[in-house]
Amino acid sequence: MIRIAVVEDDDSFRKDITGYLSEYAKAHGEAFRVSLFHDGREIANGYAKGYDIILMDIEMKNLNGMEAAEAIRKVDRDVIIIFITHSPQYAIRGYAVEALDYILKPIAYYPFSKKLERAIDRIGHRQSSSIKVNLGKGKVRVIDLRDLYYIEVNEHTLVYHTKGGDVSVSGKLKDVENELAGKYFFRCNKCYLVNLEHVSSIENDNAVVGRDVLQISRSKKKPLMDALNNYVNEVGG
């Protein structure tokens, strides 16, 4: 079941959104659990992780959608945010809160359904897989690929850089690269295997991955840019 929050202060638009969600669920065999909020303050105050997608109006009186999204991002980096607005000029700021997309009012079903489909595809990718890391002495650590920023090799030691901290084990980066083939990971130089989901920018000859800046080999820069474009097209829709 996909958990969706609808944050909209206009009764008419809120009715349209819930109606379209119901129509999409029936047409695509999805199951949604929908929670309604009448203002950004309602969802932002005391926010706790519990939603997969937030459909958020930007222009609201008490706390606008951008401010609410900023508050939500402080405690939840994973929830997918899609803004709803009369004007795309407001939605352009969405990159600051890692919004996936925006929907223009008045809302029509077809573009709404395509944006929703994109969000659902992103959820499917995030939830698709994990990797088992052998810690030795019979111990195994399972790492969700959503939480894995990149893997670094230092001589014969692999360091898995994750949201929960670093995990160090013995191994070869080539073996992990083969295991993660087809999982949106890219070898940007001999030391780093990066998760394309967490590459936020390319700056000169470096990739920004999470909070770290990793060097890109000269021969790998164009292939990395191509891999990022393919990732956006395949996962982003």
Side-chain angles (χ1 to χ4, degrees), residues 1-2 28-31 52-53 77-82 98-101 113-136 139-203 205-237:
M1 179 174 291
I2 298 173
H28 296 269
E30 296 285 358
D52 300 302
I53 301 170
R77 305 303 304 180
D78 294 328
V79 64
I80 294 171
I81 297 175
I82 298 177
E98 301 176 27
L100 176 68
D101 214 327
S113 68
K114 299 308 291 184
K115 309 284 187 177
L116 183 61
E117 183 177 28
R118 182 183 180 194
I120 292 171
D121 286 345
R122 176 67 60 86
I123 293 170
H125 166 64
R126 287 177 171 179
Q127 296 177 343
S128 63
S129 55
S130 59
I131 186 171
K132 293 181 179 180
V133 178
N134 187 353
L135 303 178
K139 295 182 179 180
V140 174
R141 172 85 171 267
V142 178
I143 299 176
D144 191 322
L145 295 187
R146 295 177 301 171
D147 299 332
L148 179 57
Y149 293 114
Y150 66 98
I151 305 161
E152 176 184 7
V153 64
N154 186 358
E155 294 185 348
H156 300 293
T157 299
L158 295 175
V159 182
Y160 292 77
H161 296 269
T162 78
K163 288 183 179 180
D166 296 346
V167 179
S168 298
V169 299
S170 297
K172 297 179 180 179
L173 191 57
K174 183 63 177 178
D175 292 339
V176 182
E177 183 179 10
N178 290 336
E179 184 178 355
L180 293 174
K183 298 291 187 182
Y184 302 107
F185 280 75
F186 186 88
R187 183 87 168 260
C188 66
N189 67 24
K190 65 180 182 180
C191 297
Y192 304 119
L193 182 65
V194 302
N195 186 344
L196 295 177
E197 182 177 346
H198 292 295
V199 177
S200 58
S201 65
I202 302 296
E203 300 177 1
D205 293 324
N206 299 303
V208 179
V209 185
R211 296 182 179 180
D212 296 334
V213 179
L214 310 180
Q215 187 176 14
I216 307 169
S217 297
R218 182 176 299 178
S219 63
K220 293 288 189 177
K221 187 170 183 179
K222 186 180 184 303
L224 174 57
M225 296 298 295
D226 292 341
L228 282 170
N229 288 332
N230 290 338
Y231 170 79
V232 171
N233 291 332
E234 293 176 17
V235 177

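- For Ser200, the side-chain contact (heavy atoms from CB on, under 4.5 Å) test picks out Val208, with sequence neighbours left out.
- The side-chain hydrogen bond (donor to acceptor under 3.5 Å, both in side chains) test applied to Asp166 returns His161, not counting sequence neighbours.
- In Glu30, the CD atom is crowded: over 12 heavy atoms of neighbouring residues, nucleotides or ligands sit closer than 6.0 Å.
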request  = Decide side-chain contact (heavy atoms from CB on, under 4.5 Å) for Leu196 and Asn230; before the verdict, give the C-alpha distance in whole Å, the side-chain angles of both, and the deciding distance to 0.1 Å.
outcome  = CA-CA 10 Å; Leu196 295 177; Asn230 290 338; over 6 Å; no
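- Partners of Lys115 by side-chain hydrogen bond (donor to acceptor under 3.5 Å, both in side chains), not counting sequence neighbours, listed by chain and number: Asp101.
- Closest of all the heavy-atom pairs between Gln215 and Cys188 is O-SG, 3.7 Å.
- Not counting sequence neighbours, the partners of Asp147 by the side-chain contact (heavy atoms from CB on, under 4.5 Å) test are Asp144, Lys163.
- Counting all heavy atoms, side chain and backbone alike, Thr157 lies closest to Ser168 at CG2-CB, 4.2 Å.
- Looking at heavy atoms from C-beta onward, Ile123 lies in side-chain contact with Ile80 at the 4.5 angstrom threshold.
- Taking CG from Leu224 and CD1 from Ile216, the interatomic distance works out to 5.0 Å, rounded to the nearest 0.5 Å.
- Every salt bridge (charged side-chain N to carboxylate O under 4.0 Å, His left out) that Lys222 has, sequence neighbours left out, goes to Asp226.
- Side-chain atoms of Phe185 and Leu145, non-hydrogen and from C-beta on, do get closer than 4.5 Å to each other.
- Using a 4.0 Å cut-off between a side-chain N of Lys or Arg and a carboxylate O of Asp or Glu, Asp205 and Arg218 do not qualify as a salt bridge.
- At least one donor-acceptor pair under 3.5 Å links the side chain of Thr162 to the backbone N or O of Gly164.
- Residues Asn189 and Leu214 fail the side-chain proximity criterion, which asks for heavy atoms closer than 4.5 Å.
- Atom CE of Met1 and atom CG of Asp52 lie 10.5 Å apart (nearest 0.5 Å).
- In plain terms, the two heavy atoms of Asn134 and Lys139 that are nearest each other are OD1-O, 3.4 Å.
- Lys132 is linked by a side-chain contact (heavy atoms from CB on, under 4.5 Å) to Val140, Val142, counting only residues two or more places apart in sequence or in another chain.
- Residues Met225 and Ile202 have side chains in contact (heavy-atom distance under 4.5 Å, counting atoms from C-beta outward).
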query = Would Ile53 and Leu116 satisfy side-chain contact (heavy atoms from CB on, under 4.5 Å), going step by step from the backbone distance to the final call?
reply = CA-CA 9 Å; Ile53 301 170; Leu116 183 61; 4.1 Å; yes
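- Of all heavy-atom pairs between Ala119 and Leu100, the closest is CA-CD2, 3.6 Å.
- Inter-residue side-chain proximity for Val153 and Leu193 is flagged as unmet; no heavy-atom pair is nearer than 4.5 Å.
- Partners of Glu117 by salt bridge (charged side-chain N to carboxylate O under 4.0 Å, His left out), not counting sequence neighbours, listed by chain and number: Lys114.
- Applying the side-chain hydrogen bond (donor to acceptor under 3.5 Å, both in side chains) rule to Asp212 yields the partners Tyr150; only residues at least two apart in sequence or on another chain are considered.
- Not counting sequence neighbours, the partners of Tyr149 by the ring pair (Phe, Tyr, Trp, His ring centres under 6.0 Å) test are His198.
- Residues meeting the side-chain hydrogen bond (donor to acceptor under 3.5 Å, both in side chains) test with Glu155, sequence neighbours left out: none.
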Below 3.5 Å, can you tabulate the donor-acceptor pairs from side chains in residues 169-182 to any protein atom, sequence neighbours excluded?
{"from": "Glu177", "atom 1": "OE1", "to": "Arg187", "atom 2": "NH1", "distance (Å)": "2.8"}
{"from": "Asn178", "atom 1": "ND2", "to": "Lys174", "atom 2": "O", "distance (Å)": "3.3"}

